[in-house]
Amino acid sequence: MFVGAIFFPLLGATISGFLGRWIGSRASQWASVGCMVLAAICGVLAFAEVAMDGRPATVGIATWIDVGGFELAWALRYDTLAAVMVAMVTVISTLIHLYSVGYMSHDATPPRFFAYLSLFTFMMLMLVTADNLAQLFFGWEGVGLASYLLIGYWYDRESANAAAMKAFIVNRVGDFFFMLGVALVFLTFDSIDFSEIFAAVPQHTGDTFLGLNSIELIGVLLFLGACGKSAQLGLHTWLPDAMEGPTPVSALIHAATMVTAGVFLVCRMSPLMEYAPNALTLVTFVGASTALFAATIGCVQNDIKRIIAYSTCSQLGYMFFAAGVGAYQVAMFHLFTHAFFKALLFLGAGSVIHAMSDEQDIRRMGGIWSKIPVTYAVMWVGSLALAGIPFFAGYYSKDAILEAAFAAHSLVGGYAFLCGILAAFLTAFYSWRLLILTFHGEPRADEHTMEHVHESPVVMLAPLLLLAVGAVLTGYLFYDFFVGEQEHAFWAGSIVNAAHNHVLHDMHEVPAWVPLAPTVVGVLGIALAYFLYMVAPGLPARLAAAVPALYRFLLNKWYFDELYDRIFVNPARRLASVFWKVGDARIIDGMPNGAADLAAGAARGAVRIQTGRVANYAFAMIIGLVFFVSLFMLGLR
Amino acid sequence: MNAVGFPLLSLLTFLPLVGAAITMSVRGEDAVVARNARWIALWTSLGVFLLSLILWARFDRGTAEFQFVERVSWLPEFGVGYHMGVDGISVLFVLLSTALTPICILASWEAITARVREYMVAFLVLETMMVGMFAALDMLVFYVFFEGVLIPMFLIIGVWGGARRVYAAYKFFLYTLLGSVLMLLAILYLWREAGTTDIPTLHRHAVPIAAQAWIFFAFLASFAVKVPMWPVHTWLPDAHVEAPTAGSVILAGVLLKMGAYGFIRFSLPILPEASAQFAPLIFVLSVVAVAYTSLVALAQEDMKKLIAYSSVAHMGIVTIGIFTFNQQGLSGALFTMLAHGVVSGALFLCVGVLYDRVHSREIARYGGIAGIMPSYGLVFLFFTMASVGLPGLANFVGEFLVIVGAWKVNPWVAAGAALSMILGACYMLLLYRRVAFGRVTREDLRALLDLSPREYAVFVPLVLVTLWMGVYPQSFLDVFETSVAALIQRHEAALSAARLAGL
């Protein structure tokens with residue numbers, strides 16, 4: 001069961017990847033879906049046993065590396081934290097696989113797609129069940145590889161290739177810090193095994209490295225690694241571009257795999273992070289800033305998938321600042337509920353795109369709600385959950401996060417609370433902007449497209465409906481376990497709050513207006529969107545024209561891409577050609593080539609002397625004789 | 001005499017020469033000669049490979065002593081003997097050489113059509129030289145093999161190479177020879193000093209500290225060129241570009257390892273103080289190599305040149321690892337050497353597959369290959385990812401260990417080494433994207449055939465080894481663990497002895 005949950009996806013990937021050519025496209029699709037169903041069953045059973053019954057386990061597989069006290073094993077670590085992730089990843093991924101059967105039906109090479117998809121899931125599962133940092137890194141990089149392949153799945157598109165490369169390389173920048181963090185962990189603890197690190201943290205709180213506190217430095221380095229995967233401010237640029245992949249991929253990246261890895265890492269390292277208050281402050285600050293920053297961009301984007309992508313970025317910011325104020329459980333709770341409604345939103349968007357003949361620009365949609373009622377309904381559910389409207393999943397987790405930020409009673413906690421409230425307002429606004437522009441108003445697509453608008457097949461609708469159920473119920477059902485009364489028994493030590501950390505307790509005792517605030521601003525955001533796009537549809541354009549600078553600034557995503565091109569990409573290109581053309585070709589090669597020319601020149605000169613005429617030689621001899629004789633004579637005198 | 005009871009290492013070393021002699025004697029029509037030469041070379045090299053597996057199987061991992069030792073006195077009055085043996089550090093390189101040779105011969109099966117007999121002879125002689133070099137335990141014998149490698153390689157590049165082959169061959173030869181001459185001087189000095197050229201004896205001999213620096217630089221001149229380290233690396237791209245595919249494979253796979261092997265075998269144990277003293281210099285050169293050559297690789301228009309520059313960057317990581325003087329760093333360096341031997345060899349073979357079909361190495365000439373040749377696309381991607389250092393594949397383990405080892409010594413060096421993670425991803429993905437992805441812009445590419453059974457036979461073993469090294473590296477790390485530990489122990493003992501003497 002424990003092993004099955006992890007390795008069934010790998011089996012599925014192998015079958016459809018290598019045997020796809022022989023068993024045919026249909027069979028390989030269903031084989032990988034079948035494997036995923038088995039994995040999901042195992043995953044849910046494992047969750048029931050580990051988290052609900054409180055029986056964590058570690059399954060050893062083999063030794064990986066053992067060099068001079070540097071020991072690593074391949075092992076599956078099942079505690080509550082891992083079990084939550086395994087269950088969530090396998091279930092969501094199964095639904096996405098199922099959906100893809102319908103979505104990719106017109107594609108040329110579905111077996112390849114399913115192989116990548118299953119590989120992606122497998123790598124994520126390896127990541128969450130890792131027993132040490134190196135195995136986590138294996139999954140971490142594997143996820144990067146799979147996302148690279150999936151984002152660039154349509155590899156004959158230039159933009160898809162660029163996006164895939166960008167995703168991989170930006171992630172690598174994060175990995176750079178992650179690797180250094182791992183090296184420092186080994187140097188500090190003489191081990192990178194989770195249980196050994198966590199046991200030894202209290203003894204090492206005073207260690208310093210380069211004059212800095214080791215634990216703090218580790219925390220910062222690992223968090224920077226997490227920033228790459230989880231697309232936090234500064235390293236977020238790959239995420240919106242990742243929309244180049246097929247929509248199910250976006251759903252998988254944004255909901256279950258990949259971006260949640262960073263949040264997971266911070267929660268996994270909670271026993272260490274608890275002793276790194278400054279690193280946590282940084283986490284809170286970056287998370288809160290990202291939450292607000294991404295939400296502002298989301299308000300003006302026109303690509304349906306990009307809007308949802310920025311909302312992911314923003315929601316990840318929420319998770320990070322929750323972890324930053326010490327409420328890891330709350331972060332995990334939001335991660336869990338978010339997975340359901342974000343997958344729902346993406347797959348719903350996919351269904352819209354499918355219906356609109358691959359149109360993604362919401363300015364060219366509208367007026368289609370009656371033609372695709374099921375999609376319309378589930379998009380509503382997803383948006384309600386995202387906006388944190390009461391009794392939908394997002395309400396429970398987002399409220400909890402804001403309460404925790406408020407209860408932290410620190411400066412940065414206050415900043416996070418403020419950003420969170422503002423972002424909640426913007427979230428509601430752009431969600432309804434999306435809903436209204438996509439489904440309501442006058443149809444803005446051409447007639448040909450409108451004629452073809454159709455509801456998706458059952459194989460796509462069934463996952464949507466199941467996810468909708470999840471988006472409604474998960475918050476209510478699991479609140480008590482994740483952050484409520486049974487929290488302590490549920491997590492069973494897989495997340496550690498140090499003795500000085502009371503945020504989980506304090507968050508239930510905030511003033512009464514705090515839990516109400518997100519709902520109120522959410523409703524206000526919806527009202528504003530309704531007013532701007534339903535009541536006075538001409539207003540947004542006039543607003544944009546009134547503050548063109550701000551509008552362009554937001555539309556161009558705060559000019560991050562342009563900035564990075566200026567600072568990193570272009571100088572690297574220039575430097576590369578200078579190094580090559582000047583450094584290598586002129587200077588380094590110039591020396592031996594010059595020496596060779598010198599030798600050749602000297603030889604040519606020498607050749608000229610050797611004329612072969614006896615008279616010349618005799619003349620030279622006489623001159624020499626005269627010279628030496630005169631020298632001799634002068635010397636005598 | 002040794003564990004097997006018969007001179008296995010000499011057999012491994014000289015069997016290829018026998019094969020070469022037989023190949024030489026083949027007579028008849030050109031086509032027949034070519035076919036026979038190919039088969040003789042293949043069977044000889046496969047035989048050598050199978051024999052070398054005995055070495056692997058019978059090698060005792062528990063001891064740091066030299067094993068399979070053979071000793072014949074040669075010039076006793078000068079303290080020079082024919083002395084062969086392997087320890088944990090060298091045994092895997094013997095295996096690497098014997099494993100890559102049959103693969104190279106198979107890879108040249110159809111690519112080489114002119115003077116096939118001579119080509120195969122050159123390869124078998126090359127194998128003799130490589131194996132002999134890694135197994136030699138006498139400095140003079142080592143030197144003979146070390147230099148001997150140059151001759152067949154010079155011919156392979158100069159005769160069967162590309163358009164600028166003569167320039168490249170001379171550059172290769174002169175660069176490496178210049179360094180070697182200085183090494184010969186150092187060997188002569190050591191011989192005068194210790195009265196012998198026997199390597200194990202020299203390991204126990206304490207060289208005066210004043211002389212160590214000079215000898216260190218003499219060795220450095222030779223090994224740095226071979227590695228190659230920045231800034232004496234420019235012969236490598238030229239040699240790679242002009243060499244035939246199999247020549248590049250051996251060049252990247254084995255010849256580049258000779259320099260690093262030299263550092264581990266000579267510089268570290270014989271000159272401990274000088275090595276420790278000049279380690280910062282090596283670190284600086286290596287970090288520069290990583291950053292500089294990675295950037296240069298980014299600008300390349302020629303597939304082979306790009307991979308050649310990436311080799312320089314990877315070898316920078318190796319030299320960092322060697323001079324960390326700790327278990328992780330050294331093991332990581334050795335592992336990276338092996339992994340790089342397999343992976344970059346495979347990458348050159350990947351380029352060779354396209355070159356055989358299209359006769360162009362220019363990146364811009366391709367595009368959309370993944371759709372036309374799916375199996376090839378997968379193999380190429382696999383080795384691209386291995387080169388980038390994806391965990392679970394060969395290169396990662398070595399690089400990771402080097403970074404951990406370097407971090408202990410100096411975090412900035414570790415950061416420099418880790419920089420290759422980012423830059424490596426940039427240039428390799430750029431290469432893969434421009435060759436394999438994208439739209440097919442050249443119509444003639446559509447007619448390309450996917451991998452042939454012969455090419456599968458070349459790639460499948462390499463894929464399996466790469467996976468094996470990544471998923472279960474322990475089976476390799478075990479081999480050199482004891483030897484590396486002993487080396488470090490000796491090194492530290494020598495350093496502390498010198499410190500005591502200084503007091």
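Order of the sequence lines sets the chain letters (A, B, ...), proteins ahead of strands, with each chain counted from 1. Reckoned from all heavy atoms, side chains included, excluding hydrogens, waters and symmetry mates. Keep in mind that what you see is a predicted model, and the values were worked out from it rather than measured.
- A:Phe18 is listed as a side-chain neighbour of B:Leu378, based on a closest heavy-atom distance under 4.5 Å.
- The choice from A:Met179, A:Glu141, A:Arg172 that makes the most heavy-atom pairs within less than 4.5 Å of chain B is A:Arg172.
- Highest contact tally toward chain A, considering only B:Ala370, B:Gly368, B:Gly367, is held by B:Ala370 [criterion: heavy-atom pairs under 4.5 Å].
- For the set B:Val440, B:Ile403, B:Leu390, the count of heavy-atom pairs under 4.5 angstrom toward chain A peaks at B:Leu390.
- With a 4.5 Å cut-off on non-hydrogen atoms, A:Ala162 touches chain B through its backbone and its side chain both.
- Rounded to the nearest 0.5 angstrom, A:Leu180 CG and B:Trp412 CH2 are separated by 9.5 Å.
- Rounding to the nearest 0.5 angstrom, the gap separating the CD1 atom in A:Ile169 from the CG atom in B:Leu423 is 9.0 Å.
- With a 4.5 Å cut-off on non-hydrogen atoms, B:Ala297 does not touch chain A at all.
- Residue with the most contacts toward chain B among A:Phe177, A:Phe137, A:Phe176, A:Phe138: A:Phe176 (heavy-atom pairs, distance under 4.5 Å).
- Inter-residue side-chain proximity for A:Ile192 and B:Val404 is flagged as unmet; no heavy-atom pair is nearer than 4.5 Å.
- In this pair, B:Phe437 and A:Tyr155 present their aromatic rings parallel. The plane angle is below 30°, not in the 30 to 60° band.
- Chosen from B:Tyr170, B:Tyr167, B:Trp235, B:Tyr432, the residue pairing most often with chain A at heavy-atom distances under 4.5 Å is B:Tyr167.
- Residue B:Asn326 does not touch chain A at all, counting heavy-atom pairs closer than 4.5 Å.
- Listed options B:Asp478, B:Val388, B:Val232, B:Leu381 were ranked by heavy-atom pairs under 4.5 angstrom with chain A; first place goes to B:Val388.
- For B:Val471 against A:Trp74, the heavy-atom pair with the smallest separation is O-NE1, 2.9 Å.
- Interface check for chain A: of the options B:Ala425, B:Ala485, B:Ala436, the most heavy-atom pairs under 4.5 Å are formed by B:Ala425.
- Interface remark: of the candidates B:Met385, B:His233, B:Arg433, B:Arg439, B:Arg433 forms the most heavy-atom pairs closer than 4.5 Å to chain A.
- For a residue to count as touching a neighbouring chain, one of its non-hydrogen atoms must lie under 4.5 Å from one of that chain's; by this rule A:Leu184 touches chain B with backbone and side chain alike.
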